[in-house]
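Naming: A, B, ... by sequence-line order, numbering from 1 per chain.
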Amino acid sequence: MPKSVIPIGPYHPLQEEPEFFTLTVDGETVVDIDVQVGYNHRGIEKLSERRTFDQSTFVIERICGICSTSHPFAYTRAVEDIIPVEVPERAKYIRTIIAEGERIHSHLLWLGLAGHFLGYNTLYMWVWKLREEILDVMEILSGNRNNYAMFKPGGVRRDIKSEDIPLVIKKIDSIVPTLDRLKKAILDDPVLHARLKGIGILTREDAIDYGALGPTSRASGVAKDVRKDAPYGAYDKVEWDMIVTETGDVFEKVIVRVLEVYESIKIMKTCLLNLPEGEIDLNIKDIPPGEGIGSAEAPRGETFHYVRSDGTNRPARHKVRAPTFMNLPTFKVTVIGETISDATIILAAIDPCYCCTERMAVRNTKGKKIYHGQDLIRLSQEKTEHIKRKMGIK
Amino acid sequence: MTREEILNDLKERFKNDIIDLLDKSPKRVYIEIKPESLVKVATYIFKDLEARFNTASGVDARTHIEIIYHFSIEYLNVLISLRVKLDRKNPAIDSLAQVFKGANWIEREMYELLGIDFRGHPDLRRLLLADAWPEGVYPLRSDYKEWDKKAIRDRGV
Amino acid sequence: MKLPKIRELLEAIKALIVGPYTSKFPYKPHIPHPNFRGQPIYNPDKCVGCLACEEVCPSEAIGHEDITDDSEPRRLMIHYTDTCIFCGSCEAACIADNEGIKQSNDWELSFFDRKEAQETIEKELQLCEICGEVIACKDHLKWISEKIGELAYSSPSLYFSRLKSLGIIDENIISAVRDSGRSDRVKILCARCRRETTLTTR
């Protein structure tokens, strides 16, 4: 039987790496996958070497628009590791609050888009409305809905005003009831179960072998989370649970993310209520020669930064490792053997970016028909409809 | 095993391979090893000590090229960095991609950005750079000069 | 299956009553929260033209232009709103009590021509009275002399600019001093000319 090659991509500009997937399919089933990245390579590491330590924070922040806090978090920790210093207690709490707010909005964003791919557009609109609430909270706390510009080596740039805290807590609390309903809607829905259970399985061994990170690995039963393993910020001062599930299919990844939102809300609230008084910045003037390593748990997994200083005011080398860099190659094991209509949601399950899907082009080498990203989503949505009909749900 | 035991064990087991062991802080250990013993040491740390491979950082240190392989041992909260120093003229080292798949991409990245040859890599081709990028130009080398004269340079770039 | 549908229905009814979450922006102005960090705006009265903001700006969104061939030498402080990332580094680095440039609540930045995407203020510039080299903005020299207090009297450039700004001396007095010899010492000079006048004896 002739095999067809389906190219997906290349634009994928939301994550660090836009990708170009080449799916080789045999009928409906994917038999091979190849990933090509680098379409959005901006030379951030080189760029960072031309900026001062302070200015680099802003370059680093713009690596990713969604997890714009985890990169500065890891970077500032790496710079602080060179000296080495501990940032003031209040700065630690503020950093934690911002990082958790980001995790909530990132997970909700993912959840909404996953709903969209499956043809569950109610979920999509519902979750994104909920996400607005968190973005407003971030605007109150940091002054911006995204790219918060809060971090600097040695502390934070902006203090949280005590008069804002009651309003922020009220807003965070207000999303919990909706989130409860949402969680039940996902858990109850037989269609979602049929679509997501048992597909795109990443086994525990593969997760370790590929070095998968974050919710992608935690859904496969690998209990690794930088916040627990190497506590930083205020994570060792508040109580929270690491969410780990066993099977590693797409459904479990959804569950991990939804439950993590609850944990994040818990951490954020505890930190806001127990915000210690004191300095927020150490005013670091000089960075001595040396090397430092910093890591932070981004919504997608561990962000890893290695910074080397030669005593000047610019980094001599700055290595950035984003979580998707480790998560992306796992497609090789998750997508193979699944159908094309499931490929979208499996590719989406590690939480890369979604702008790409608008530009996906599917070409069947044997036939004449050319599909685009819209058609792939339609294929996925049609499958959901089909399942609904089979189950007798209108 | 505790942190001390692991370090002593490493020192004992690889006493012919380790050049220098720097115990920088409770969470950070830097071990400089001979380039030819990398696979041996890395396999032991990954498989037997159950460390997680974080990533590898390639650095052009002007006199030589350094690769620093970062492994974190979660249950001890220690980050072990294996440092190898390579000849700058002809940097080459054995690939780790056969030992664990997580090293595949980062080696491809270092191959194109620093020009390091990874012997035995299953699929050593470009990862990030554009197809039009000339051969033999390595952007993260310290002597890199901009080659593209037509590139648009605007304020802020 | 009925339960999720009822939940969705409840949410839909709620949304009908409350209305959409988004603001009706083009028809009604959107007012952000007071904490919002918007576009930085120069305060011409407070800014001293020291260029600290240009130095720290990570996206090179602040520049300057010195106009010296005019009868009124002046420095144009330029803020390019198209490359600005609203990080607030300029405000944090401002030497004039962080008030020379301040982030506003303004976020509407659309323009048709990219050349329009800049805001400028003018600051009077002090030139060296011998070689015509730019020393600093007049306000900057004044700011330094106020900052260092009586130490300013160790530098003629500083105390002359201070006395001038206070209106205590004017050109008549200076020209009267000039006639009595060594007039080059009672001038506002750049560092190089100052060194030359001090070293050479005529």
Between [X] and chain A, with a heavy-atom cut-off of 4.5 Å, which part of the residue counts as in contact: side chain, backbone, both or neither?
X        : answer
B:Ser81  : side chain
B:Ala103 : neither
B:Arg125 : side chain

For chain B, which candidate among [options] shows the most heavy-atom pairs at distances under 4.5 Å?
options                                : value
A:Asp310, A:Val222, A:Asp34            : A:Asp34
A:Ala230, A:Gly211, A:Pro231, A:Ser295 : A:Ala230
A:Glu45, A:Lys332, A:Glu49, A:Lys224   : A:Lys224
A:Asp209, A:Thr330, A:Val320, A:Ile208 : A:Asp209

Heavy-atom closest pair, residues [X] and [Y]:
X        : Y        : answer
B:Phe53  : A:Met326 : O-CE, 3.6 Å
B:Val59  : A:Tyr306 : CG2-CE2, 3.9 Å
B:Trp105 : A:Leu328 : CH2-CD2, 3.4 Å
B:Asn54  : A:Phe304 : ND2-CD1, 3.3 Å
B:Arg28  : A:Ile293 : NH2-O, 2.7 Å

Under a 4.5 Å heavy-atom cutoff, which of B:Glu50, B:Glu66, B:Lys27 has the most pairs with chain A? B:Glu66

Is the closest basic N to carboxylate O distance between B:Glu109 and A:Lys319 below 4.0 Å? yes

Strictly distance-based, threshold 3.5 Å: is any side-chain N or O of A:Lys46 a donor or acceptor partner for the main-chain N or O of B:Pro139? yes

Contacts with chain B made by residues 73-83 of chain A (heavy-atom distance under 4.5 Å), listed by residue number: A:Asp81, A:Ile82

So if I apply the side chain to side chain contact (heavy atoms under 4.5 Å, CB included) rule between A:Arg317 and each of B:Leu140, B:Ile68, B:Asp60, which one comes out positive? B:Leu140

